[in-house]
Amino acid sequence: MNSIKDRLAQILSELPTGCTLVAVSKTKPDTDIMEAWQTGHRHFGENKVQELVTKAEALPKDIHWHMIGHLQRNKVKYIASFVHLIHGVDTIRLLKEINKQGEKNERTIDCLMQVHIASEETKFGFSPDELSGIFSSGELAELKNVKIRGLMGMATNTTDTLQVEKEFKGLKKLYEELNEISNAGMNILSMGMSGDYTIAIKAGSNMVRIGSSIFGSRNY
Ligand SMILES: *Cc1c(COP(=O)(O)O)cnc(C)c1O
């Protein structure tokens, strides 16, 4: 289990069918990404715009790039032409900017609304109530160049697995409720990282974002 290839294969073997693995390559060199790419893997995640752009320019064009980090409105323009999925939409102002950049690039940009499910205050995202309000208001329908494909959430960073499970189950429930209220047609529930993806999958995740368990720990 000492190579990226082996660890990637191991994690893929643990995922249920229909669950997408986003290999989180932030801070890691292009050679690491290429090692995973050579096995046929195509979904990679980055959390910084500059790093994402640089890697996207240098690496194969068939990679599906996921923007998983906090995204500032003034940086949307740098990734709008190619980004596969934006996971961290946490304000309507940001969503409107993504819509504007989608229009400029003549494409519809797939997005996930980030929901604040953790007990820590530092994590970004809408509250479940805010999001219910937004979905029932119908205001999203006006934004023709974005498509809300689903929700993303990060659980509290804790060893209390019951708490983590509770947070993920809450997000899954919200996802189902929003799909019912508004017929939103969402089909992506992005939850689970290296430390908690097995819990997330049990709670109904169909997209996991895993970095250190594939590429090794990061040195900042
Ligand atoms: C870094 C990061 C991950 C991956 O974290 P690991 O613990 O290395 O698996 C997942 N999601 C987001 C939003 C991240 O920033």
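Just follow the structure's listing: the first ligand is 1, and inside any ligand the first atom is 1. Numbers for residues simply follow the sequence, beginning at 1.
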Exercise. Ion pair present between R42 and D62, side-chain N to carboxylate O less than 4.0 angstrom?
Worked result: yes

For this session: Would you give the length of the straight line joining atom CG of D6 to atom CD1 of I11, rounded to the nearest 0.5 angstrom?
Result: 11.5 Å

For this session: Check K26 against ligand 1 and report side chain, backbone, both or neither, counting heavy atoms closer than 4.0 Å.
Result: side chain

Exercise. Are any side-chain N or O atoms of T156 and backbone N or O atoms of T158, one a donor and one an acceptor, separated by less than 3.5 Å?
Worked result: no

Exercise. Which atoms from ligand 1 have a heavy atom of I210 less than 4.0 Å away?
Worked result: 9 (O)

Exercise. Between N47 and ligand 1, is there a nitrogen or oxygen pair with a distance under 3.5 Å?
Worked result: no

Exercise. Polar-atom distance check: S213 versus ligand 1, any N or O pair below 3.5 Å?
Worked result: no

Exercise. Taking atom types as modelled and ignoring hydrogens, do the side chains of E165 and T161 form a donor-acceptor contact shorter than 3.5 angstrom?
Worked result: no

For this session: Please identify which atoms of ligand 1 are closer than 4.0 Å to at least one heavy atom of R209.
Result: 4 (C), 9 (O), 10 (C), 11 (N), 12 (C), 13 (C)

Problem set entry | For G211, the ligand 1 atoms whose distance to one of its heavy atoms is below 4.0 Å | 4 (C), 6 (P), 8 (O), 9 (O)

Exercise. Going by distance only, is there an N or O of M193 that falls short of 3.5 Å from an N or O of ligand 1?
Worked result: no

Exercise. With under 30° as parallel and over 60° as perpendicular, where do the rings of F44 and F215 fit, or are they tilted in between?
Worked result: tilted

